[in-house]
Peer 1: 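Please find one structure pasted underneath; my questions will follow.
Just so we're on the same page: letters track the sequence lines, and every chain starts at 1. We use all heavy atoms of the structure for the numbers below, so side chains are in, but hydrogens, waters and symmetry mates are not.
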Number of protein chains: 2
Amino acid sequence: MRNEITPVRHGTMRARNLAVVLGEISRRQPVSRARLADVTGFTKTTVSSLVAALKAAGLVREDGPVRDGERGRPATAVSVNGDRVAGLGLEVNVDYLAACVLDLGRRIRHRHIVAADNRGRAPERVIGALTDLAERAIAAAGDQGLTVAGAVVALPGTLDRAGGRVRTAPNLGWRDVAAGELLAGGLPTLALPADQDNEANLAALGELWFGHGPELGSYVHVSGEIGVGAGIVVDGRVFRGAHGFAGELGHVVVDPAGPPCACGGRGCLEQVAGQEAILRAAGIPDTVGTSTAGPDGPLAALVALLRDGDGPALAAVRRAGEALGQALSAAVNLFDPDTIVLGGIFSALAPWASPAVEEALGGGTGVVRHAPPRLTVSRLGGDAAALGAAALVVERVMNDPALLMEASAHPHGR
Amino acid sequence: MRNEITPVRHGTMRARNLAVVLGEISRRQPVSRARLADVTGFTKTTVSSLVAALKAAGLVREDGPVRDGERGRPATAVSVNGDRVAGLGLEVNVDYLAACVLDLGRRIRHRHIVAADNRGRAPERVIGALTDLAERAIAAAGDQGLTVAGAVVALPGTLDRAGGRVRTAPNLGWRDVAAGELLAGGLPTLALPADQDNEANLAALGELWFGHGPELGSYVHVSGEIGVGAGIVVDGRVFRGAHGFAGELGHVVVDPAGPPCACGGRGCLEQVAGQEAILRAAGIPDTVGTSTAGPDGPLAALVALLRDGDGPALAAVRRAGEALGQALSAAVNLFDPDTIVLGGIFSALAPWASPAVEEALGGGTGVVRHAPPRLTVSRLGGDAAALGAAALVVERVMNDPALLMEASAHPHGR
DNA sequence: CTCATTTCGTTCAAGCTCTGGACTAATTAA
DNA sequence: TTAATTAGTCCAGAGCTTGAACGAAATGAG
C-alpha cells in the first residue's frame with residue numbers, strides 16, 4: 001500500500017553510505033576513521049574510501065594526528081569542513097526580508113535583515129528585492145571562500161512546493177505566484193535546485209538548529225505573526241501532511257459560537273490570538289504599513305502597556321493565551337509532542353500569555369500521557385525562518401552529499 | 001539533525017530491490033519480467049534474478065505464458081503467490097476477541113470473532129483466550145497450506161510498542177501489562193516477531209485495505225468505541241507521533257467550560273461523543289457487561305430509538321456529531337487530510353450524526369484548503385482492527401520480503 | 001636503547017549485485 | 001519459409017563492500 005520504495009543501485013548505496021559517514025563525522029567530530037568504522041559497522045577499508053571521497057569533495061577535513069591518551073598509533077582526526085560549502089536561507093515576510101548563509105559546520109557566516117513593507121507590493125518587486133539580498137549574501141559567502149550549494153525561501157503562505165508556486169499568502173496579498181521561477185530568473189544556478197517552504201515550518205526548524213536544539217524532542221512550534229501557524233517537528237523532521245498544509249493552527253476553532261472568520265469558519269484561534277485581534281482587544285491601532293516588530297511598532301506598544309499593567313492589554317493577552325492553549329491542547333492530543341515552543345509575537349508576549357497556555361495544557365492530557373508537554377519560549381529573533389531555510393539546505397547536503405560530488409562519478413538515479 | 005540513515009550493504013541493496021519488484025508485481029499482477037524491467041528501471045537480467053529469488057521463497061508465482069495480443073514471444077506472467085504465506089491479525093476489545101488470517105494475495109482466509117466480556121478480566125486470561133483463537137487461526141491457515149509469517153495484536157489502549165507492553169487500557173482496566181510476553185509464551189515462534197499496535201491505528205489501516213481503499217488519500221479514521229480514538233494515515237502510512245500516542249481525538253477539548261474528565265481536562269470530546277455519554281444523554285442505561293455491539297446491546301437500542309424519531313436520542317447524537325465535527329476540524333487544520341472516515345459506533349450512527357459533522361467541517365477550512373475533506377462512513381464491521389493487524393503483517397512482508405528468505409543468504413543487518 | 005605490543009590506516013584479492021550486450025526462444029506478419 | 005518482434009537467459013564487466021595481511025606510528029617493559 002506504500003508507494004515509494006525505490007530501486008537501489010551501487011551508486012545509491014555509495015551515496016547513502018557517504019551520508020552515513022558524513023553524519024557520523026558531524027555528530028562526533030573530531031573523530032578517527034577507526035572509530036567511524038566502529039560506530040557505522042563498516043570495515044576500515046570502506047570508511048577510508050568514503051572519507052577520501054568526502055575529503056576530495058571538500059566536505060570533510062583532516063585535522064592531523066591526535067593521540068587519544070592510550071597507546072598505539074595516533075589517529076588522524078576527521079571533521080566536517082565548514083570552509084567550503086554553505087547553504088543560503090531567504091525569507092519573505094510582511095514587513096521585512098532576510099537572508100542568511102550557513103556553512104556546513106553550522107556556523108552562520110552572513111545574516112542580513114532589511115525592513116520592507118511587502119503588504120500588497122507586487123510579487124515581482126518583492127522577489128526582485130529578495131534576489132538582491134541573495135546576491136549580496138552569495139557574494140559575502142564567496143568572500144569567505146564558501147560556495148553556496150543551494151537556497152531555500154521561507155514564505156508566509158500556503159505553497160505548492162512541487163510546482164514552485166505560492167497558492168495564497170493572505171498577509172502579503174499574493175495569490176498563485178510563481179515564486180520559484182521569479183527567483184530562479186534572478187539567481188545564479190546553484191548545485192541544488194532552489195526550494196520554498198512555509199515560514200512556520202522553517203521557523204520551527206530554525207529553533208531546532210539554533211534555539212533549544214535536540215532537547216526539544218518532538219515539538220510544535222507556534223509561529224505567531226499576523227496569522228498564527230505552527231511548525232510540527234517529529235523525530236527531527238518537519239511534518240507537512242499529505243499536501244504540505246499541515247499545522248494550520250490559526251484556524252482551529254476555539255469558540256464554535258464565535259464571530260465568523262474569513263476562512264469560512266467561526267471562532268478560529270486567529271480571531272482571538274492573531275496579532276491584529278490582540279491589538280484590537282488591547283485598544284492599540286494596528287498601523288498597517290508600519291514595521292510591526294520595530295521599536296516603534298504596535299507590538300512594542302503592547303509590551304509597554306503590559307509592563308505598565310494596563311488592564312485591557314493584560315486581558316487581551318490572557319484571553320489570547322487561553323485560546324492558544326485550547327488549540328494547542330488539541331495539537332498535543334493529536335501529535336503527542338514533547339515540547340511546545342512559543343515563537344513569533346508570542347515570544348515577546350510569553351510572560352503574560354504563557355500562564356494561561358500552561359493551564360490549558362496542564363489539563364487534558366492525563367490518561368494518555370504521563371505529563372503535559374514542556375512549554376518553552378523561542379530564543380530566536382525575527383529571521384528564525386531564514387535560519388531554518390539555510391539549515392534545510394545544509395541538512396539536504398548532509399543527507400545526500402553525493403549531490404555535490406562529481407555527478408559523473410555517482411549517478412544514483414532516483 | 002536526522003538520526004536514522006543506516007549503512008547499506010550488498011544485502012540491504014538486494015533486500016530493498018526484492019521489495020521493489022515484489023511491490024510492482026503486487027501492483028500490476030499479472031505482469032511480465034520485461035514490463036517489470038521497464039517500470040523499475042532494472043535490467044532484464046536483474047529482474048529475472050530477483051523474481052527467481054522471490055519465486056524460490058514462494059512469494060511469487062509464474063502463471064504460464066500469456067500473449068499480450070501483439071507480436072513477439074509471449075511473456076510469462078508473474079503474480080504474487082497467495083497460497084504460501086499469510087499474516088495473522090488479532091484483536092482484543094472490550095466485548096470481543098477477533099482473529100483473522102490474510103494471505104499475501106490480500107485474500108482473507110480465516111475470520112473469527114468471539115464475544116467475550118473482557119472488562120476487568122485478568123490480562124492473563126484474556127491473552128490466554130486470544131492465544132487459543134490464534135492457535136485455531138494458525139491451524140486453519142495450515143489446513144489451507146499457508147504458513148503464518150507473523151502476527152500483530154490490536155489493543156484498545158496506549159502501548160509501549162518497543163517494549164511490548166500495554167501502558168494503560170482504561171476500558172479493559174489494564175495497567176502496565178506485558179502483553180507481548182504473555183502472547184509470545186502461548187504462540188509458536190513465527191518468522192517475524194509479534195507486534196502490538198493501537199486499535200485505532202489498525203482499524204484505520206483496515207479501512208485502507210478492505211474498505212474504501214486508496215481513494216481515501218490521506219485520512220483520519222475515527223474509531224468511536226467506548227473511547228474515541230483516531231487513526232491517522234498519511235501517504236499510506238500510519239502516523240504515530242514520536243511516542244505512538246498520536247491521534248487521541250477523544251481528549252480534544254470541545255468545551256473549555258464543560259464538565260471535568262478523568263484525564264484531568266475539561267469538556268473533552270469523549271464526554272459528549274463517547275458511547276457512554278451518548279447513551280446517557282439518550283436515556284439508555286449502559287449495561288456494563290453486555291455485549292455492546294450485539295443485537296440486544298445498548299447501541300442497537302439507540303439506533304432503534306433514532307429510527308423512531310425519539311427526541312432525546314436524536315438530540316444526543318446530534319450533539320455528539322457537533323462535538324465530533326469540532327474536534328475533527330482541529331484535526332483537519334492540523335493534519336490536512338483528504339478524507340474523514342467515521343468508524344466504530346459512528347458508522348452505525350452516521351445517518352443522524354454526520355450532518356452535524358459535515359456542517360462543522362464545512363466551515364473553517366476555507367483559507368488554506370480549496371474544499372473541506374470528504375466525509376465517509378466505514379464499511380467494515382467490528383473486527384476492522386483485526387483486519388488491519390493482519391494487513392500490517394502482510395505489508396511488512398511486502399516491504400521486506402528478504403525477512404522470509406533464508407537468513408543465511410541475505411543477512412542485511414539493520 | 002631496543003623490542004614487543006597496540007592501534008591506525010592502507011593494500012589487495014575476493015565476493016556480492018547490478019549492468020549491458022550477445023544470444024536463444026517463441027510468436028506474428030509477409 | 002523468412003524477417004521482424006518481443007521475452008528471457010547467459011556471461012563478462014564494473015562498482016562497492018569485505019576481510020585478511022601489512023606497514024606505520026606510538027607506548028611501555030626490560
Side-chain angles (χ1 to χ4, degrees), chain A residues 6-21 25 30-55 60 62-78 402 405-406 408-413, chain B residues 6-21 25 30-55 60 62-78 402 405-406 408-413:
Chain A
T6 49
V8 180
R9 283 68 122 76
H10 291 124
T12 324
M13 173 162 75
R14 182 74 167 172
R16 282 206 35 192
N17 289 344
L18 285 166
V20 168
V21 168
I25 292 172
V31 60
S32 69
R33 295 174 228 263
R35 179 139 175 66
L36 285 171
D38 241 32
V39 296
T40 60
F42 288 126
T43 60
K44 290 185 291 177
T45 311
T46 304
V47 169
S48 283
S49 155
L50 292 166
V51 167
L54 291 169
K55 199 175 145 195
V60 139
E62 264 183 15
D63 284 339
V66 168
R67 51 199 149 292
D68 248 345
E70 311 302 317
R71 56 185 168 280
R73 171 176 168 180
T76 40
V78 176
M405 306 168 69
E406 303 112 275
S408 59
H410 310 290
H412 66 297
Chain B
T6 48
V8 180
R9 282 75 119 83
H10 293 124
T12 324
M13 174 162 75
R14 183 75 168 170
R16 280 205 39 188
N17 289 344
L18 284 166
V20 168
V21 168
I25 292 172
V31 61
S32 70
R33 295 171 228 262
R35 180 140 175 66
L36 285 171
D38 242 31
V39 298
T40 59
F42 289 126
T43 59
K44 291 184 292 176
T45 311
T46 304
V47 169
S48 281
S49 154
L50 292 166
V51 167
L54 291 169
K55 198 176 144 194
V60 140
E62 264 183 14
D63 283 341
V66 167
R67 50 200 149 293
D68 249 344
E70 310 302 316
R71 58 182 167 280
R73 170 178 168 178
T76 38
V78 175
M405 304 167 71
E406 303 112 278
S408 60
H410 310 289
H412 68 296

Peer 1: Any idea which of dT19(C), dA26(D), dG9(C) is nearest the P74(A) side chain?
Peer 2: dA26(D)
Peer 1: What is the minimum heavy-atom distance between P74(B) and V66(B), and which atoms define it?
Peer 2: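 It is CB-O, 3.6 Å.
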Peer 1: Roughly how far, to the nearest 0.5 Å, is the NZ atom of K55(B) from the CG atom of L50(B)?
Peer 2: 14.0 Å
Peer 1: Would you mind telling me which residue lines up with the more 5' stretch of DNA chain C, T43(B) or G72(A), judged by nearest nucleotide?
Peer 2: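 Looking at DNA chain C, the more 5' nearest nucleotide goes with G72(A).
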Peer 1: Starting from C1' on dA7(D), measure out to CZ on R71(B) and report it in whole angstrom.
Peer 2: 15 Å
Peer 1: Identify the heavy atoms of M405(B) and L54(B) that sit nearest to each other, and give their distance.
Peer 2: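 That closest heavy-atom pairing would be CE-N, 4.0 Å.
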Peer 1: Would you indicate what T76(A) reaches in the nucleic acid, counting non-hydrogen atoms under 4.0 angstrom: base, sugar-phosphate, or nothing?
Peer 2: sugar-phosphate
Peer 1: Can you measure H10(B) atom NE2 to dT18(D) atom C1' for me and round it to whole angstrom units?
Peer 2: 9 Å
Peer 1: Shortest non-hydrogen contact from P7(B) to T40(A)?
Peer 2: CG-O, 3.3 Å
Peer 1: For the side chain of T46(A), starting at C-beta, report the closest nucleotide among dG8(D), dT17(D), dT10(C).
Peer 2: dT17(D)
Peer 1: Please confirm whether the shortest side-chain N or O distance from N17(B) to OP1 or OP2 of dC18(C) is below 4.0 Å.
Peer 2: yes
Peer 1: Under 4.0 Å between a side-chain N/O of R14(B) and OP1 or OP2 of dC18(C), yes or no?
Peer 2: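 For dC18(C), OP1 or OP2 has a side-chain N or O of R14(B) closer than 4.0 Å.
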Peer 1: Using a cut-off of strictly less than 4.0 Å, decide whether R9(A) has a side-chain nitrogen or oxygen near OP1 or OP2 of dG15(D).
Peer 2: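 Checking dG15(D) against R9(A), no side-chain N or O comes under 4.0 Å of OP1 or OP2.
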Peer 1: Cut-off 3.5 Å, side chains only: do S49(B) and R14(B) have a donor facing an acceptor?
Peer 2: yes
Peer 1: Hey, does the side-chain of T45(A) have a donor or acceptor N/O within less than 3.5 Å of a partner on the base of dG19(D)?
Peer 2: yes
Peer 1: Provide, to the nearest angstrom, the distance between the CE atom belonging to M13(A) and the P atom belonging to dC18(C).
Peer 2: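 After rounding, the gap between these two atoms is 9 Å.
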Peer 1: Rounded to the nearest angstrom, tell me the gap between atom CZ in F42(B) and atom P in dG15(D).
Peer 2: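 Rounded to the whole Å, the gap is 18 Å.
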Peer 1: Given atom CG of D63(A) and atom C1' of dG9(C), what is their separation to the nearest angstrom?
Peer 2: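 My rounded result for the distance is 17 Å.
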Peer 1: Whole angstroms only, please: what is the NZ-C1' distance between K44(B) and dT6(D)?
Peer 2: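 Computing the K44(B):NZ to dT6(D):C1' distance gives 8 Å.
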Peer 1: In whole Å, what is the span from the CG atom of L36(A) to the C1' atom of dT7(C)?
Peer 2: 15 Å
Peer 1: Report the residue (R73(B) or R73(A)) whose heavy-atom-nearest nucleotide on DNA chain C is the more 5′ of the two.
Peer 2: R73(A)
Peer 1: R16(B) has an atom CZ; how far is it from atom P of dC16(C), in whole Å?
Peer 2: 22 Å
